[in-house]
Amino acid sequence: MLPLDFIRRHPDEVRRAARLKGETAPVDEILDLDRRWREATTRAERSRAEQNALSKEFARTREQALIPRMRELAESVKRSSAEADELRRRLDELLLVVPNVFHESVPVGETADDNVVVREWGTRPSFDFTPRTHYEIGEALDIMDFERASRVAGSRFAFLKGQGARLERALAQFMLDLHTREHGYVEVLAPFLVNTASMLGTANLPKFGEDAFRVEGHDLWLIPTAEVPVTNLHREEILDGARLPLNYVAYSPCFRSEAGAAGKDTRGYVRLHQFSKVELVKVVEPERSLAALEELTGHAEEVLRRLGLHYRVLVMCSGDLGFAQYKKYDLEAWCPGLGRYLEVSSCSVFNDFQARRANLRYRPAPGEPPRYVHTLNGSGLALARTIDAVLETYQRADGTVVVPEVLRPYMGGCELIGAA
RNA sequence: GGGGAGGUGGCUGAGCGGUCGAAAGCGCCCGCCUGCUAAGCGGGUAGGGGGUGUUGAGCUCCCUCGAGGGUUCGAAUCCCUCCCUUCCCGCCA
């Protein structure tokens, strides 16, 4: 969330950012509640100060004549602070729904069409036959099964089988090895269920609860991304500045209700209620966060380059930025069968927006006061859509699929999927 | 699921109605001392909020001893509820 005094000082900037993100921010209500809360607080504290003073005197003198006044004060403190607490509670609620501001380098725009391509890598592969979609390939090779998945779980689920399942496992391992061995990330296996406080910490709540699955009868949510448990890993802590930056990589399933996506991407292994992802999370000093975003994005790109997949990088316009994001790049891999790019990674910096919510701080040097860290995360990469791009890019006329070289060691040396 | 123990500052840990935001130790910071290092000596060192003010000084008030309620003029200390940790038993991959 944004600091209250920032909203006090720059209400117009907060309003503008919200508008350009296509969100709303209850700035006027906040300013009004803030003023009333401070008044009530001052009143409560005055009474409390007198109460404390008299209480000390009473402890010393046992002067019974003080008691009536002290009773009065106790009553008055109770009343004023209840009022202040109630105002503060409403204020905090509103603060949680104010979207983050964004960096000046973010292009102003409304829809995905206003996102700007910042670079491309590779070229679209050409075929001397009509390339098939990944789901045509996958079903023909019997390595993807959507029909049975819908009977077992419902729509937007899939089975991977045989070399398909193996391929996803190989990709996960390849990515984890790359990020841990060459990019300096620490591997984390996180809880796949988290509590409400953690969902609030990363700003998946309170506004986006309908996008997540909740476990009935428990204060637990299925994680929509490993970002949630991993960013919250050090919640309520004051980290030693010398330990920063923290770099974590986590493989996990992700569960999403896709509530707002009815009718969208209904075919194929593209938009599922459950998919797997290798997620990168960085916790850095505030001064380094924009540079860290470039670094993180580069780490995700490296996966695509080694897989030999044509891709492009887009900087998201204001309207396509999430509620909490300060700046975001999307990585899109080309899928020749679908004939379009699929988003396989989203790399974002949040500044201290999540850190405030999760109370995630560090001490720059011994003796110095704590500061909020900056948090970042990005997929490195989403496995489902990466498989799609691999199948479609490396398909052959006979329906088999060449295994990209970097994956072969993880596939037991297998070079071709679907060979008889 | 049943029973026991416990949650206090960056850490360990005392306190068990007022003199406690809290002993002691560790760590850390500043200074002194020893030719360097180690040791020693002195001082300092929780987080958050309000007001005022400076603008990253200060002054002042308030809150916080897992969370929330209650008793009391007054709660880290007493009572209730909840959460979490840990140990033993049961169950279980």
Side-chain angles (χ1 to χ4, degrees), chain A residues 1-10 30-96 189-201 205 214-215 217-221 229 232-244 246 253 283 285-287 351-352 355-374:
Chain A
M1 62 191 152
L2 294 173
L4 183 52
D5 74 291
F6 179 84
I7 300 176
R8 256 180 227 151
R9 278 201 268 242
H10 310 284
I30 286 174
L31 293 177
D32 178 58
L33 278 174
D34 174 44
R35 191 179 41 72
R36 289 161 59 201
W37 164 69
R38 281 187 290 172
E39 285 167 9
T41 299
T42 303
R43 250 179 288 128
E45 289 184 355
R46 281 215 192 96
S47 300
R48 175 69 86 174
E50 188 181 346
Q51 186 186 33
N52 287 343
L54 287 189
S55 187
K56 264 184 195 146
E57 192 184 335
F58 183 82
R60 209 176 53 242
T61 65
R62 304 282 160 178
E63 175 51 61
Q64 299 300 309
L66 291 173
I67 288 183
R69 177 61 183 157
M70 293 201 297
R71 276 191 217 277
E72 228 174 271
L73 284 168
E75 200 39 53
S76 149
V77 165
K78 205 174 201 172
R79 209 169 346 97
S80 316
S81 47
E83 189 188 336
D85 287 351
E86 170 61 14
L87 289 164
R88 182 68 214 196
R89 195 188 57 73
R90 283 159 61 191
L91 188 54
D92 286 337
E93 247 175 52
L94 290 182
L95 285 174
L96 286 175
L189 184 64
F192 301 155
L193 295 167
V194 296
N195 57 27
T196 297
S198 294
M199 288 287 277
L200 282 167
L205 289 177
R214 184 168 197 177
V215 180
H218 298 267
D219 178 29
L220 288 172
W221 302 75
N232 280 287
L233 179 56
H234 295 287
R235 61 175 302 121
E236 319 285 336
E237 285 187 46
I238 299 175
L239 297 161
D240 177 356
R243 286 180 62 194
L244 299 182
L246 302 176
V283 174
E285 294 169 273
E287 289 72 21
N351 282 9
D352 59 6
R356 284 177 190 281
R357 293 173 162 243
N359 200 16
L360 184 40
R361 294 174 293 172
Y362 78 106
R363 199 179 296 282
E368 288 186 30
R371 300 175 70 194
Y372 287 104
V373 298
H374 281 196

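Proteins get letters first, then strands, A, B, ... in listed order; numbering begins at 1 in each. It should be emphasised that the depicted structure is a prediction, and the values quoted were computed from it without experimental measurement.
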Rounding to the closest angstrom, what is the interatomic distance between B/rU71 and B/rU60 at atom P?
-> 35 Å

Between the protein and nucleotides 16-21 of chain B, which nitrogen or oxygen pairs come in under 3.5 angstrom?
| from | atom 1 | to | atom 2 | distance (Å) |
| --- | --- | --- | --- | --- |
| B/rG18 | N7 | A/R62 | NH2 | 3.0 |
| B/rG18 | O6 | A/R62 | NH1 | 2.6 |
| B/rG18 | N2 | A/S55 | OG | 3.1 |

Take atom C1' in B/rA46 and the same atom in B/rG68, then report the distance between them in whole Å.
-> 23 Å

Any strand is fair game: report the nucleotide pairing with B/rA5 by Watson-Crick or G-U wobble, both distances under 3.5 Å, or none.
-> B/rU85

Using atom CZ of A/R69 as one end and atom P of B/rU72 as the other, report the distance to the nearest whole Å.
-> 20 Å

Under-4.0 Å salt bridge between A/E50 and A/R69 = yes

Take atom C1' in B/rA67 and the same atom in B/rU8, then report the distance between them in whole Å.
-> 15 Å

For residues A/Y362 and A/P286, report the shortest heavy-atom separation together with the two atoms involved.
-> OH-CD, 3.3 Å

Atom-to-atom span, CG of A/L66 to C1' of B/rU72 - whole angstrom = 16 Å

Cationic N near anionic O, under 4.0 Å, A/E86 to A/R89 | yes

Does any N or O in the side chain of A/N195 come within less than 3.5 Å of the main-chain N or O of A/S198, such that one atom is a donor and the other an acceptor?
-> yes

Contact list (N/O, under 3.5 angstrom) for nucleotides 6-9 of chain B vs protein:
none

Any strand is fair game: report the nucleotide pairing with B/rG56 by Watson-Crick or G-U wobble, both distances under 3.5 Å, or none.
-> none

Separation of the P atoms in B/rU19 and B/rG6, to the nearest angstrom = 25 Å

Results of side-chain contact (heavy atoms from CB on, under 4.5 Å) for A/S47 - residues two or more places apart only = A/L73, A/S76, A/V77

Looking only at heavy atoms, which two atoms of A/R363 and A/P370 are closest? And how far apart?
-> NH1-CD, 3.9 Å

Taking only residues two or more places apart in sequence or in another chain, which ones pass side-chain contact (heavy atoms from CB on, under 4.5 Å) with A/R35?
-> A/D32, A/E39

Send over the distance from A/E236 CD to B/rG10 C1', rounded to a whole Å.
-> 16 Å

Might you point out which heavy atoms bring A/A358 and A/N232 nearest each other, and give the distance in Å?
-> CB-OD1, 3.6 Å

If we take the P atom in both B/rG3 and B/rC82, what is their distance in whole Å?
-> 13 Å

Can you name the ring-ring contact (aromatic ring centres under 6.0 Å, His included) partners of A/F192, sequence neighbours left out?
-> none

Mind checking the P distance from B/rG27 to B/rG66? Whole angstroms is fine.
-> 26 Å

What is the base-pairing partner of B/rC65, counting Watson-Crick and G-U wobble geometry with both distances under 3.5 Å?
-> none

Heavy atoms only: give me the nearest A/L360-A/H234 pair and the separation to one decimal.
-> CD1-O, 3.2 Å

If the C1' atom of B/rG9 is compared with that of B/rC63, how far apart are they to the nearest Å?
-> 16 Å

Just how far, in rounded Å, is P of B/rC84 from CZ of A/R235?
-> 14 Å

Using a 4.5 Å cut-off on heavy atoms from C-beta on, say whether the side chain of A/W221 contacts that of A/L205.
-> yes

Protein heavy-atom contacts under 4.0 Å, written 5' to 3' over nucleotides 45-67 of chain B as B (base), S (sugar-phosphate only) or - (none), form the string --SSBSS---------BBS----

Distance, C1' atom - from B/rG21 to B/rG90, rounded to whole angstrom = 44 Å

Could you state the atom-to-atom distance from CZ of A/R243 to C1' of B/rG10 in whole Å?
-> 12 Å

Over all heavy atoms of both residues, which pair between A/R356 and A/M1 is shortest? Give the atoms and the distance, please.
-> CD-O, 2.9 Å

